[in-house]
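Notes for the one structure printed next.
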There are 2 protein chains.
Amino acid sequence: MKKIQSPEIEEYLETLCRYAEEGRQARVKDLAGDLGISAASVSQMLKKLSEKNLIKYEKYGKIRLTKKGEEIGRSILRKHRLVEKFLGFIGVKRNVHEEACLLEHAISDQVEEAIIKTMKKSMKKIRVLAEMKNGESGIVLFIEGGSTACKRLTAMGLTPGTKIEVERESTLIGPVEISIRSSRLAVGRGLAKKIYLAVDK
Amino acid sequence: MKKIQSPEIEEYLETLCRYAEEGRQARVKDLAGDLGISAASVSQMLKKLSEKNLIKYEKYGKIRLTKKGEEIGRSILRKHRLVEKFLGFIGVKRNVHEEACLLEHAISDQVEEAIIKTMKKSMKKIRVLAEMKNGESGIVLFIEGGSTACKRLTAMGLTPGTKIEVERESTLIGPVEISIRSSRLAVGRGLAKKIYLAVDK
DNA sequence: TTTAAATGTTAGGTGTACCTAAGATCACAT
DNA sequence: ATGTGATCTTAGGTACACCTAACATTTAAA
């Protein structure tokens with residue numbers, strides 16, 4: 001049985017998937033440009049992909065992914081994006097896209113899963129300030145609600161990115177007391193329901 | 001300027017480095033076996049590596065790495081081992097060696113560094129079975145060494161992810177006795193030096 | 001020391017993925 | 001509708017890494 005997959009083939013299918021996502025018609029010229037390959041080579045490769053039933057293509061015609069081709073392409077695209085996130089996660093700063101392009105072909109499904117699990121574990125969870133308990137801390141992510149609430153909170157210094165800690169949790173109707181930049185603040189329960197924070201685990 | 005590096009070339013140089021570490025004379029036959037390639041192809045490739053000044057080689061002669069060749073080989077070997085550790089670290093259990101063989105060629109120096117930093121922050125400590133004391137336990141992360149050692153240990157059930165406990169620690173030359181899934185097993189000190197475990201800090 | 005087995009090399013060939021140059025087709029502006 | 005520039009394909013060729021079969025050399029045994 002012949003091998004139907006190679007990093008090169010994967011790269012073509014991934015790019016075709018990207019075009020499909022953008023609702024863009026795939027053209028030989030664009031593939032050539034994006035993959036850094038001559039149009040002649042792309043044309044050739046399209047014939048090969050067609051023979052392998054990864055795309056539907058007749059010369060001068062439209063390029064469409066088959067089910068199989070889309071499956072592979074999406075898998076690579078998914079891996080690419082995961083790797084990008086992951087590289088950011090472990091602190092890689094430069095050439096993240098290029099690094100991901102290399103790695104995407106070397107990541108098995110097994111490894112993909114492990115990476116997802118690992119990231120989830122140390123991922124932050126989103127929680128509402130009103131539900132948080134004494135001693136818990138987090139970083140303000142966003143404020144749900146109209147500009148009135150936003151302005152009020154901004155005035156208090158409760159803007160996205162701010163780190164806070166719960167000093168006294170909210171009772172059924174009572175306010176939450178929090179410390180923020182080492183000063184203390186009381187936030188009414190109604191308002192506290194609109195403040196979302198990222199907390200560990 | 002011609003490219004002097006390919007995943008295949010890297011694989012050859014890595015394997016040669018491994019042999020050098022083990023103080024073993026590199027033979028065409030062994031390379032063929034370990035790389036899963038015909039002896040004829042190896043012979044050919046050795047000529048190519050010689051032309052690229054990555055090894056010193058004359059037919060029927062001894063294979064020796066040049067400075068350049070050793071540098072590349074060691075870099076790949078280092079990456080391979082790091083990836084093995086890392087895969088264990090993120091919870092990959094099966095085919096760790098094989099997965100690392102794929103990934104090692106796609107890991108840049110930048111990514112290598114980021115991985116090291118991330119692991120350093122980790123909660124588990126990595127230890128070698130040979131150095132562990134009575135009563136200590138851990139989870140097998142990976143096995144360093146050729147496929148021979150890997151196969152032997154796999155046969156014993158000592159695969160990544162397995163939890164073991166040290167029943168009797170290794171003496172200067174003696175084996176380690178461990179319990180594994182409630183049965184007991186003795187592992188020679190040489191082999192035990194190649195088994196890395198995650199133990200609580 | 002000869003010889004057989006083990007090991008290594010050469011010759012010739014395959015498949016993949018790329019290239020350039022030249023020719024074919026398409027699509028739009030006149 | 002037609003000619004021209006853009007786009008695409010074909011033809012012919014390269015480099016790489018592998019293969020098998022046949023031949024050469026080395027090594028170890030008789």
Side-chain angles (χ1 to χ4, degrees), chain A residues 1-16 19 24-65 68-69 72-73 76 101-102 104-106, chain B residues 1-16 19 24-65 69 72-73 76 98 101-102 104-106 146 148:
Chain A
M1 183 143 45
K2 250 190 300 183
K3 213 177 67 168
I4 55 153
Q5 221 160 330
S6 72
E8 289 81 12
I9 288 181
E10 291 180 350
E11 205 76 34
Y12 278 86
L13 296 176
E14 184 196 353
T15 307
L16 289 174
Y19 292 167
R24 185 145 68 97
Q25 241 308 290
R27 335 226 87 250
V28 170
K29 187 185 102 108
D30 297 337
L31 280 168
D34 288 350
L35 300 175
I37 280 170
S38 75
S41 301
V42 170
S43 187
Q44 250 185 186
M45 183 56 119
L46 291 181
K47 201 196 275 180
K48 212 172 290 180
L49 293 180
S50 201
E51 278 159 15
K52 286 178 195 282
N53 273 308
L54 297 170
I55 62 171
K56 269 255 180 287
Y57 186 55
E58 307 208 334
K59 52 170 157 168
Y60 299 108
K62 291 194 173 161
I63 304 165
R64 254 165 308 122
L65 284 159
K68 182 93 195 159
I72 296 173
I76 298 298
C101 278
L102 281 181
E104 64 192 14
H105 309 290
Chain B
M1 172 127 67
K2 250 190 303 184
K3 214 177 67 171
I4 55 154
Q5 220 160 328
S6 70
E8 289 79 12
I9 288 180
E10 290 180 352
E11 205 78 32
Y12 277 87
L13 296 176
E14 183 195 355
T15 307
L16 289 173
Y19 292 167
R24 186 144 68 95
Q25 241 308 289
R27 337 224 82 253
V28 170
K29 186 185 101 108
D30 297 337
L31 281 168
D34 287 351
L35 299 176
I37 280 170
S38 75
S41 300
V42 170
S43 188
Q44 249 185 188
M45 182 58 118
L46 291 181
K47 203 195 275 179
K48 210 171 293 180
L49 293 179
S50 201
E51 277 158 15
K52 287 178 196 282
N53 274 309
L54 298 170
I55 63 171
K56 269 253 181 290
Y57 186 56
E58 310 207 331
K59 52 171 156 170
Y60 299 109
K62 292 193 171 161
I63 304 164
R64 254 163 310 122
L65 285 159
I72 297 173
I76 299 297
E98 288 72 19
C101 279
L102 282 181
E104 65 193 13
H105 309 290
T148 324

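To find a chain, count down the sequence lines: A is the first, B the second, and so on, and within it residues start at 1.
- Between B/E10 atom CD and D/dA17 atom C1' the separation is 15 Å, expressed in whole Å.
- Annotation: the span from B/R24 atom CZ to B/D30 atom CG amounts to 5.0 Å, rounded to 0.5 Å.
- Between B/K59 and D/dT26 there is no side-chain N or O to OP1 or OP2 distance below 4.0 Å.
- Side-chain nitrogen and oxygen atoms of A/K48 include at least one within less than 4.0 Å of the OP1 or OP2 phosphate oxygen of C/dA17.
- Proximity of B/S41 to the phosphate of D/dC19: a side-chain N or O atom is located under 4.0 Å from OP1 or OP2.
- One finds the CG atom of B/L49 at 4.5 Å from the CD1 atom of B/I55 (value rounded to the nearest 0.5 Å).
- For A/M45, whose side chain is taken as the heavy atoms from C-beta onward, the closest listed nucleotide among C/dC19, D/dC18, C/dA17 is C/dA17.
- Put simply, CD1 on B/I37 is 18 Å from P on C/dT7, counting in whole angstrom units.
- Within the 4.5 Å cutoff, the side chain of A/I9 has no heavy atoms near those of the A/I72 side chain.
- Look at CD on B/E11: it is 15 Å from C1' on D/dC18, rounded to the nearest Å.
- Here the P atom of nucleotide D/dT10 and the CG atom of A/L46 are 11 Å apart, to the nearest Å.
- Rounded to a whole Å, the CD atom of B/Q5 is 14 Å from the P atom of D/dC16.
- Between atom CE of residue B/M45 and atom OH of residue B/Y12 there is a gap of 5.0 Å, rounded to the nearest 0.5 Å.
- Side-chain nitrogen and oxygen atoms of B/S38 include at least one within less than 4.0 Å of the OP1 or OP2 phosphate oxygen of D/dC19.
- Residue A/E14 holds its CD atom at 11.0 Å from OH of A/Y19, rounded to the nearest 0.5 Å.
- Across the protein-nucleic acid pair, A/E51 atom CD and C/dA17 atom C1' stand 14 Å apart, rounded to whole Å.
- Along DNA chain D, the nucleotide nearest to A/E58 and the one nearest to A/Q44 differ in position, and the one closer to the 5' end is contacted by A/E58.
- When each of D/dT10, C/dT7, C/dA17 is scored by its nearest atom to the side-chain atoms of A/K47, the top-ranked nucleotide is D/dT10.
- Residue B/Y12 has a polar side-chain atom (N or O) positioned under 4.0 Å from OP1 or OP2 of D/dC18.
- A distance-only check finds no donor-acceptor pair linking the side chain of A/S43 to the backbone of A/A39 [under 3.5 Å].
- Atom CD1 in B/I63 sits roughly 14 Å away from atom P in C/dT7 (whole-Å rounding).
- A sub-4.0 Å separation between OP1 or OP2 of D/dA17 and a side-chain N or O of B/S6 is present.
- With distances taken from any side-chain atom of B/V28 to the nucleotides D/dC18, C/dT9, D/dT9, the minimum falls on C/dT9.
- A residue-by-residue look at B/R27 and B/G36 shows that B/G36 has its nearest nucleotide of DNA chain D further toward the 5' end.
- At the phosphate of D/dT9, OP1 or OP2 sits under 4.0 Å from a side-chain N or O atom of A/Y57.
- Distance from the side chain of A/E8 is smallest for C/dC18 among the nucleotides C/dC18, D/dT7, D/dA21.
- A straight line from OH of A/Y60 to P of D/dA6 spans 16 Å, rounded to a whole angstrom.
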